[in-house]
There are 2 protein chains.
Amino acid sequence: MAYQEILTVLADPTRRQVFERLRGGPSPVKAIATGLPVSRPAVSQHLKVLKDAGLVEERSEGVRRIYSLRREGLAELRDWLDSFWDDALLAFKIEAERTHRHNTRARDVNE
Amino acid sequence: MAYQEILTVLADPTRRQVFERLRGGPSPVKAIATGLPVSRPAVSQHLKVLKDAGLVEERSEGVRRIYSLRREGLAELRDWLDSFWDDALLAFKIEAERTHRHNTRARDVNE
DNA sequence: ACACTCAGTAAGTTAACGCTTACGGTTAGT
DNA sequence: ACTAACCGTAAGCGTTAACTTACTGAGTGT
């Protein structure tokens with residue numbers, strides 16, 4: 001999943017609460033919803049979005065769906081963040097590549 | 001600034017474009033707006049939001065305002081992301097602290 | 001078979017927010 | 001002083017998206 005989607009998905013406060021609630025370990029929907037300021041269907045909707053973004057995974061145990069964190073889902077966002085700190089290095093690389101006429105990898109400046 | 005704000009601020013696509021455009025170095029507003037699919041006032045509004053979030057800084061050069069990246073503004077988001085990868089380690093620490101009755105640092109589970 | 005719990009989906013409402021146009025203020029050049 | 005360029009802000013509009021209620025379905029126990 002692209003970092004863009006991860007950002008938009010995690011931007012919503014209650015969806016972030018849902019996400020962070022899974023830090024404590026896997027949990028069924030009802031347990032997640034308890035204590036949150038929104039209804040249970042709302043939590044279901046958030047979980048669907050989180051799942052589609054690869055930030056959460058789901059398994060069934062009888063009648064309940066157990067959701068758990070997918071930390072790998074955060075990887076792309078993390079990489080994007082990291083890329084900001086070696087912009088100077090990257091600029092140097094590009095210059096080096098230009099002069100040496102030899103490509104390694106490119107990065108989008110605008111998405 | 002809190003990571004929550006950084007997420008919501010960077011969630012918008014065109015605002016992210018504005019932000020990423022500054023990777024190439026400081027730039028006046030008009031130059032940023034050129035090539036973007038929105039009007040110049042829209043860019044101004046985005047820049048204000050970015051500035052309030054500490055992701056961008058501004059200086060004046062005559063009649064133009066030069067905006068540049070503030071990479072430190074991303075720090076809190078980065079820390080938050082990192083915190084997901086040592087949850088297990090953190091759990092261990094907490095247990096250790098509990099038994100040894102000796103605090104180091106705490107982290108919020110729910111915002 | 002019936003009832004109860006858990007959870008996803010549909011439909012509709014409301015509020016937030018990103019955009020545009022219009023305007024005002026500041027700087028620089030002639 | 002007049003004009004032009006650069007930019008921020010106000011007001012208003014339209015769309016998106018998060019929420020609620022209502023419904024349906026699947027699993028489990030009696």
Side-chain angles (χ1 to χ4, degrees), chain A residues 1-2 4-22 24-70 110-111, chain B residues 1-2 4-22 24-70 110-111:
Chain A
M1 278 304 156
Q4 294 96 337
E5 188 181 7
I6 306 179
L7 280 170
T8 63
V9 164
L10 292 180
D12 182 74
T14 67
R15 188 156 50 221
R16 213 164 40 228
Q17 278 191 304
V18 169
F19 185 63
E20 297 216 0
R21 212 155 249 252
L22 292 175
S27 173
V29 178
K30 197 190 181 187
I32 300 174
T34 308
L36 288 186
V38 296
S39 69
R40 185 200 49 75
V43 173
S44 267
Q45 289 163 7
H46 283 307
L47 283 168
K48 175 174 173 48
V49 175
L50 287 167
K51 185 184 171 190
D52 290 346
L55 291 171
V56 147
E57 58 189 2
E58 174 220 327
R59 72 170 188 275
S60 289
E61 268 186 20
V63 71
R64 53 196 95 186
R65 315 290 166 86
I66 313 292
Y67 284 87
S68 50
L69 230 53
R70 273 194 78 248
N110 310 318
E111 53 177 326
Chain B
M1 278 304 154
Q4 295 96 337
E5 188 181 7
I6 306 179
L7 282 169
T8 61
V9 164
L10 292 179
D12 182 73
T14 69
R15 187 156 50 220
R16 214 164 39 226
Q17 277 191 305
V18 170
F19 185 63
E20 297 215 1
R21 211 156 248 252
L22 292 175
S27 174
V29 177
K30 197 190 180 186
I32 301 175
T34 308
L36 289 187
V38 296
S39 69
R40 183 200 49 77
V43 174
S44 268
Q45 289 163 7
H46 283 307
L47 283 169
K48 177 175 172 46
V49 175
L50 287 167
K51 185 183 171 191
D52 289 347
L55 292 170
V56 147
E57 58 189 0
E58 173 220 329
R59 71 171 188 274
S60 289
E61 267 186 20
V63 71
R64 52 196 96 184
R65 315 290 167 85
I66 313 292
Y67 285 88
S68 51
L69 231 54
R70 274 194 78 247
N110 309 318
E111 52 178 327

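Chain identifiers are assigned alphabetically (A, B, ...) following the order of the sequence lines, protein sequences preceding nucleic acid strands; residue numbering begins at 1 within each chain. Heavy atoms only: backbone and side chains are in, while hydrogens, waters and symmetry mates are out.
The CG atom of B/Leu10 sits 16 Å away from the C1' atom of C/dC17 (whole-angstrom rounding). Rounded to an integer number of Å, the gap from B/Arg64 CZ to C/dT26 P is 19 Å. Taking atom CZ of residue A/Arg59 and atom P of nucleotide C/dA7, one finds them 13 Å apart after rounding to whole Å. Rounded to whole Å, the distance from CD1 on A/Ile32 to C1' on C/dC6 is 13 Å. Rounded to whole Å, atom P of D/dT9 lies 11 Å from atom CZ of B/Arg40. One interatomic measurement links the two molecules: CG of A/Leu50 to C1' of D/dA18, which rounds to 13 Å at whole-angstrom precision. In this structure, the CD1 atom of A/Ile66 is 19 Å from the P atom of D/dA26, given to the nearest Å. Between the CD atom of B/Glu61 and the C1' atom of D/dC7 there is a distance of 15 Å, rounded to whole Å.
The main-chain N or O of A/Gly54 is found under 3.5 Å from a side-chain atom of A/Arg70 such that the two form a donor-acceptor pair.
In this structure, B/Glu58 and B/Leu47 have side chains that are not in contact, with every pair of non-hydrogen atoms separated by 4.5 Å or more. In this structure, A/Arg64 and A/Val29 have side chains that are not in contact, with every pair of non-hydrogen atoms separated by 4.5 Å or more. With a 4.5 Å cut-off on side-chain heavy atoms, A/Arg40 and A/Ser44 count as touching.
Rounding to the nearest 0.5 angstrom, the gap separating the CD1 atom in B/Ile66 from the OG atom in B/Ser60 is 8.5 Å. How far CG of A/Leu22 is from CG of A/Leu50: 8.0 Å, rounded to the nearest 0.5 Å.
Donor-acceptor pairing under 3.5 Å, judged by distance alone, is present between the side chain of A/Gln45 and the base of D/dT20.
Which of D/dC19, C/dT20, C/dG8 sits closest to the side chain of A/Ser44 comes down to C/dG8. For B/Arg65, taking side-chain heavy atoms from C-beta onward, the closest of the listed nucleotides D/dT20, D/dC7, C/dG8 is D/dC7.
The phosphate of C/dC6 has neither OP1 nor OP2 within less than 4.0 Å of any side-chain N or O from A/Tyr67. The shortest distance between the side-chain N/O atoms of B/Thr14 and the OP1/OP2 oxygens of C/dC19 is below 4.0 Å. A close approach under 4.0 Å does not occur between any side-chain nitrogen or oxygen of A/Ser39 and OP1 or OP2 of D/dC19. For C/dG18, the OP1/OP2 oxygens have a side-chain nitrogen or oxygen of B/Arg15 closer than 4.0 Å.
The nearest heavy atom of DNA chain D to B/Lys48 and to A/His46 marks one nucleotide each, and the one closer to the 5' end goes with B/Lys48.
Comparing the axis of the opening five pairs of the helix from C/dA1-D/dT30 to C/dT30-D/dA1 with that of the closing five pairs yields an angle of 20°, rounded to 10°.
Using a 4.0 Å heavy-atom cutoff across all strands shown, B/Pro41 reaches at least one base atom of the nucleic acid.
Ion pairing between B/Arg59 and B/Glu61 holds under the 4.0 Å rule for side-chain N and carboxylate O.
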